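The structure appears below as structure tokens.
Because the structure is a prediction, the values reported are computed rather than measured. In the text below, chain A, chain B and the rest are named by the order of the sequence lines, each starting its count at 1.
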6 protein chains.
Amino acid sequence: MKVAVYPGSFDPITYGHLDLVERSCKIFDRVIVAVLINSSKKALFTIEERKEMIKEATKHLPNVEVDHFSGLLIDYMLSMNAKVILRGLRAISDFEYELQIASINKKLSEDIETVFLMSNNKHSFISSSMVKEVASYGADVTELVPSQVEKALKKKYGYDKTR
Amino acid sequence: MKVAVYPGSFDPITYGHLDLVERSCKIFDRVIVAVLINSSKKALFTIEERKEMIKEATKHLPNVEVDHFSGLLIDYMLSMNAKVILRGLRAISDFEYELQIASINKKLSEDIETVFLMSNNKHSFISSSMVKEVASYGADVTELVPSQVEKALKKKYGYDKTR
Amino acid sequence: MKVAVYPGSFDPITYGHLDLVERSCKIFDRVIVAVLINSSKKALFTIEERKEMIKEATKHLPNVEVDHFSGLLIDYMLSMNAKVILRGLRAISDFEYELQIASINKKLSEDIETVFLMSNNKHSFISSSMVKEVASYGADVTELVPSQVEKALKKKYGYDKTR
Amino acid sequence: MKVAVYPGSFDPITYGHLDLVERSCKIFDRVIVAVLINSSKKALFTIEERKEMIKEATKHLPNVEVDHFSGLLIDYMLSMNAKVILRGLRAISDFEYELQIASINKKLSEDIETVFLMSNNKHSFISSSMVKEVASYGADVTELVPSQVEKALKKKYGYDKTR
Amino acid sequence: MKVAVYPGSFDPITYGHLDLVERSCKIFDRVIVAVLINSSKKALFTIEERKEMIKEATKHLPNVEVDHFSGLLIDYMLSMNAKVILRGLRAISDFEYELQIASINKKLSEDIETVFLMSNNKHSFISSSMVKEVASYGADVTELVPSQVEKALKKKYGYDKTR
Amino acid sequence: MKVAVYPGSFDPITYGHLDLVERSCKIFDRVIVAVLINSSKKALFTIEERKEMIKEATKHLPNVEVDHFSGLLIDYMLSMNAKVILRGLRAISDFEYELQIASINKKLSEDIETVFLMSNNKHSFISSSMVKEVASYGADVTELVPSQVEKALKKKYGYDKTR
């Protein structure tokens, strides 16, 4: 059975991430979306909130699981008996950074492969940080994130008062 | 069963290609190395020669097959009931070209996914055309291609003096 | 009155080009789509065919004109009393090439400005040469080019026999 | 009347920015240089100081105005009845970031266009942050910024010996 | 005598840096590895620790010296009577940043040249910050840094307790 | 003595090339400008014409020599007892191509180093092929090439009839 891990911050999950998960599900037997606990980076949502949003957004996909991890990705991979890391490529700057990460992961464990999917053109400009920036001013993000995430963003930024 | 197709000219196969095939074999159940017949591009080796060299180089890999095709890759994919296209990424210029190809393939068939593996650092500078350029002057290419390919190149360029 | 010239081969015009023309029309008073006669590059359609297709595709845009030119773009600009060159940016490789062209045009005439619009994400992978490649195998290009261009491509490649 | 907005931090304005303003003035009827109030980014100069320096540097250009805004650029554009965002392109990293910003702005308002001008080769390496870095060590910046900005930098960094 | 300065943070020195020093030694008569004192950037190792590690790693190279400096590189170059700045290029993002730095250095002093060497493929993914990230989780870094640096990293991150 | 070889087509030499030669002269004891004989590429000027133009343009530089070679650059380097290849970097596309060439040269001979200088901003858009394109239409190229090259171009393209 081919198990792939899709690691990231997912703060919050966007339609760009979701597109990647949906496409990976057809290629691999089991896909684990793994939220990285990174204490040095300030997040908007807690790990639990992020996992909840991912679960809700992927509940139609039977072979997807949601998890979290801290420390080195490679150690997490080994503990899950997973051999494939999934990553999306949006832009050149992604490309270089991902290449470095993939190289060092290869160096740390010869057995682990990083597999890249190109982002869908329609979603290629969406990043979690841009979604947060735009949502913080009360702009409409319905085309960028699932509706439950949109509601959570409105709540965080205090735009849900009228309801 | 997950079938992946690795299309290309392979004129001739290099250690860079071979590295990609070996790594893909662990991710997919069946990998088809498919030589593209491109009548508008002048090749050094015939389709048969190229397929022979790939077969020889991949004979230790039980789930690899060697084939050829002409026309649109998507049509070939459908005929083989394969859903995954395999591509290597070496450099930024690859990245952009591959992104365009992947986008148009996605447009032509929603079901087909292109999956990218980063080239091994050690092999990232090897391309078939450079190998041919260098071999044409009689330079040593033992670190760039399998030994049978090296012999074939020497023969093509007339450096096999023992004949 | 601000006149902008959009130069190119347009062999044939695609939805990517058309999107750019439509957006430029709102920014400039008059937009001239200018087909470059380049004797050293083999084209699929004649200059007249290309101009006809552009005219048909832009007939809903009152401030668009279609023309052709040969020689240096700068000389054509001066003859049309136009100060702005319009270019689309799709990818990094475009970016660099366009930067060189814009620099040399600036050097040749201080008064001419090159103005860039980013390609719409939806169309960023469409190029005339890819459209031709795909159409030559009889694949469906209805999402890539206007319907009259699609018909012309089918005719050129002999896929209109059943009609 | 075509109104273009050139948004930025301008902390402080450089010859690179000024070159872009001068060139835009010939293309658009009215150009608004709009200083973004970004409370999360520590600036060297106050909004008022920055606006003063831009006014001084552009006083020879009759169709330029200087303004400031906070919040989403798109909201500011609508409030000014402006349809065109002006941006300079210096490098690949700019290109990708600008592409993302332009895409999200397009998504937020279909009517707004982002128009790019390539930076003049002579100024392509000048950024406000480099100017500040260099000026903080007392190095000569007369070729990088207008003379009044140079004086202001000297004063900020304590190199105005006459005090 | 041709003197070249290789400036950097070297926090800590990696096999990537060392490869560059070894290759530069054959091109220039004297190579000065100069640690930049940058008070605004938090470092893992002190200036003295970094210099010690570089000295230890380059002790087999007779024409290498180790030094430190603060302020503008150009001022340091002049004080050392050195005309050549040495830099490694690993990736596109390096390329652009380095181009900007080289341009501004050229502007500040016409006599100074920046000379670039491409990073060895084998080391192109190694950066000091990645080494620190990986080492902080106790992962093996013997292929990334000299053994004395590895020991120093283990000590800093508390993985040397068993000894 | 440090000998550097600057290989290229130089069809014809431009101010961009010349700037690089002048700067290299200060770094290396002896600089050989080596015209590559490439029978598969159609040139405008003969090898002799190209060498003459380079000699004329570099006659003020005592440590510059002009030569030509065919075959592999590495073989030429060894025959000249030179250890350093000189290359200019103008753009990202250069960067990647040069990186590949430098890697394969390193592979072919461990002793040879490729050293890169960034192109002067002022000349970064000049390429021999653009100069030829522009000159072929009779446009002014005095800012792009030395005056003797300009005359030679006029003669080749038949714009010297009035003399």
When you look at NZ of K132(C), are more than 12 heavy atoms from neighbouring residues, nucleotides or ligands closer to it than 6.0 Å? yes
Answer yes or no: are there more than 12 heavy-atom neighbours, outside K156(F) itself, under 6.0 Å from its atom NZ? yes
At their closest point, which heavy atom of D140(F) faces which heavy atom of L108(C), and how far apart are they? O-CD2, 3.9 Å
Quick one: what part of L72(C) sits under 4.5 Å from any heavy atom of chain F, side chain, backbone, both or neither? both
For L144(F), is it the side chain, the backbone, both, or neither that has a heavy atom closer than 4.5 Å to a heavy atom of chain C? side chain
